[in-house]
Novice: 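Structure incoming, see below.
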Amino acid sequence: MSQKRDAAIVGIHEYPERDVEGLVSPMQIKAESAARALEDAGLNWSDVDAIYDSGDGGGMSGLTISEYFGLKPSVIDTTAVGGSSFEYHAGHAKRDIAAGKANVALLTYGSTAHSNARAIGVGGRGFGGTHPADNMDVFAGMTLIANYALVAQRHMHEYGTTSEQLAEISIATRCHAMRNPEAVQAMHDLEFLDIRETTIGDVVNSRLIADPLHLLECCMISDGGGAVVIASPEVARDCKKPPVWILGSGEATKYPENGGDITTSAAIQSGPSAFGEAGVSASEMDIAMIYDSFSITVLALLEDLGFCKKGEGGSWVKGGRLRFDRPNDGPALNTDGGGLSSNHPGMRGIFLLLEATRQLRGESHSQVENAKLAVAHGNGGMLGSRHCAGTIILGSD
Amino acid sequence: MKEIKRPLPRVNELDTKDFWTATKQNEFRYQQCDSCATVIFYPRRHCTGCTSGKLQWKVSAGKGTVYTYSVVRQSYHPFFRTVAPYTVAWIDLDEGPRILSNVIGISADEVSIGLRVQIEWEEHEELHIPLFKPA
């Protein structure tokens with residue numbers, strides 16, 4: 001299959017602070033990030049003709065964000081699928097640009113989850129929605145982390161996966177975080193007790209939050225945000241930074257079904273769609289930016305994306321395979337430090353695109369030499385019950 | 001001090017009210033399609049397997065198997081923080097429905113995948129809650 005280069009990421013910005021102490025609003029984080037990402041590309045507000053928004057700044061977001069930014073876009077897409085929203089937005093931006101509906105697309109995210117002490121990560125209470133399905137399980141007291149723990153427990157039962165194997169994911173991301181000054185600062189600002197590289201022993205000896213998941217297998221709760229600018233090939237040619245092409249995208253849903261397999265995520269459907277469109281396979285990826293809400297999320301998603309067979313993730317990640325300095329063994333995982341150790345304000349999907357772009361530009365703190373291909377996979381919602389998957393394949397020139 | 005109670009479902013929710021109303025008779029109901037035999041759970045007004053929409057209510061014998069579980073050791077909810085550690089589990093009933101509930105009557109550390117369980121109703125004023133104990 002021939003690879004289409006219809007649209008490229010040309011500008012990025014990650015909001016540096018993880019604790020704004022209630023002094024900055026999500027909308028301000030979005031606008032600040034948008035301006036810096038446009039500068040990164042060498043573009044201006046007036047160049048933007050398409051806006052993508054998950055509603056993180058409030059309701060009717062296509063309208064309110066356009067007014068706040070002072071834009072009059074011709075394409076407005078408010079797909080809201082939790083932490084995977086930004087992968088959907090990137091795929092939709094590529095589609096809209098390829099269709100000739102837009103030239104410059106702007107994606108933004110802002111959250112003050114830490115300042116608001118919103119219940120995510122270790123503190124998460126789980127869904128309390130008004131959907132009929134919620135009315136069936138509100139009595140059971142499932143916390144957010146228990147939702148993921150239910151997957152881990154079944155994965156261990158079916159495939160013999162161990163806590164030591166899951167810990168590999170935590171220690172690889174922490175290794176990368178320690179090389180990223182913003183991640184180190186984040187851990188200081190969020191009052192992590194022990195800011196250093198971790199061992200498997202550190203992880204499995206940290207306290208159990210919901211069996212079998214330990215504290216150091218859970219993401220942080222930060223403030224934060226960022227922005228991505230995506231442009232047509234004609235615009236991208238004149239931008240300041242080299243283009244990072246969006247080569248493929250995939251979307252899918254997963255929800256509880258009678259007799260269903262909880263260890264398999266929606267990535268089993270979104271992955272083939274994205275890799276197929278890009279004409280590449282998982283084994284060719286230099287970088288894997290995989291939504292690390294919890295250790296088990298990464299393990300299940302790596303399997304479903306085809307890095308290894310279902311059930312073999314535990315043995316596959318062993319021995320530090322996912323570290324940035326082991327490029328011959330497989331992809332480098334979450335080289336910014338991930339949601340586990342760098343940035344998780346609730347919807348991490350945008351950071352997956354940001355760090356993948358840095359890698360393909362050669363700008364990462366844990367740079368993989370000659371990185372050419374990256375996968376960014378967002379999981380929005382809950383791994384153990386209902387979630388959306390968004391897969392994006394990125395490639396450098 | 002006022003007793004803090006378990007959060008309860010709304011009995012007037014349109015898709016699930018027939019299920020919750022029946023729990024007052026200690027009946028665990030689920031739906032099956034007359035046309036295509038699909039088991040539907042949670043309850044809905046339409047069949048997810050075909051478009052006929054001819055759903056019949058059936059009553060489960062209340063026996064099943066633990067599909068997966070977690071021992072919750074930390075909760076910020078005012079009720080659940082008082083009962084932690086407790087066990088959350090997906091239970092596969094023998095008739096097909098999979099339901100999220102708690103396993104009780106056994107120490108949290110003794111719960112295992114594959115454990116045979118049966119319903120133990122917890123009575124509340126407007127509805128009863130299907131919890132599960134070892135069979």
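Keep in mind that what you see is a predicted model, and the values were worked out from it rather than measured. Residue numbers begin at 1 in each chain, while the letters A, B, ... track the order of the sequences.
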Novice: At a heavy-atom distance under 4.5 Å, which candidate from B/Trp20, B/Phe19, B/Tyr86, B/Tyr42 has the highest pair count against chain A?
Specialist: B/Tyr42
Novice: For chain A, which candidate among B/Ile99, B/Thr48, B/Val72 shows the most heavy-atom pairs at distances under 4.5 Å?
Specialist: B/Val72
Novice: Picking from B/Pro85, B/Pro7, B/Ser70, which has the most non-hydrogen pairs under 4.5 angstrom with chain A?
Specialist: B/Ser70
Novice: Applying side chain to side chain donor-acceptor pair (under 3.5 Å), run through A/Asn135 and B/Thr16 and close with a yes or a no.
Specialist: CA-CA 7 Å; A/Asn135 206 45; B/Thr16 57; 2.9 Å; yes
Novice: Whether the side chain of B/Asn102 engages the backbone of A/Ala140 through a donor-acceptor N/O pair (distance < 3.5 Å, no angle test) should be reported.
Specialist: yes
Novice: Under 4.5 Å from any heavy atom of chain A, what part of B/Leu93 do you find: side chain, backbone, both or neither?
Specialist: neither
Novice: Restricting to non-hydrogen atoms, name the atom on B/Leu8 and the atom on A/Val138 that form the minimum distance, rounded to 0.1 Å.
Specialist: C-CG1, 3.8 Å
Novice: Chain B contacts: which residues in residues 151-160 of chain A have a non-hydrogen atom closer than 4.5 Å to it?
Specialist: A/Gln153, A/Arg154, A/His157, A/Glu158
Novice: Locate the shortest heavy-atom distance separating B/Arg98 from A/Gly260; write the atom from each residue and the value.
Specialist: NH1-O, 2.9 Å
Novice: How close do B/Val88 and A/Leu150 get, heavy atom to heavy atom, and via which atoms?
Specialist: O-CD2, 3.7 Å
Novice: Do you know the tightest heavy-atom contact between A/Phe139 and B/Ser101?
Specialist: CE1-OG, 3.7 Å
Novice: Does any backbone or side-chain atom of B/Leu100 lie under 4.5 Å from a heavy atom of chain A? Answer side chain, backbone, both or neither.
Specialist: both
Novice: Report the distance from atom CG of A/Leu208 to atom CD of B/Gln74, rounding to the nearest 0.5 Å.
Specialist: 11.0 Å
Novice: Chain A heavy atoms under 4.5 Å from B/Phe41: which part of the residue, side chain, backbone, both or neither?
Specialist: both
Novice: Tell me the closest heavy-atom pair linking B/Tyr67 and A/Ile262, and the distance in Å.
Specialist: OH-N, 2.9 Å
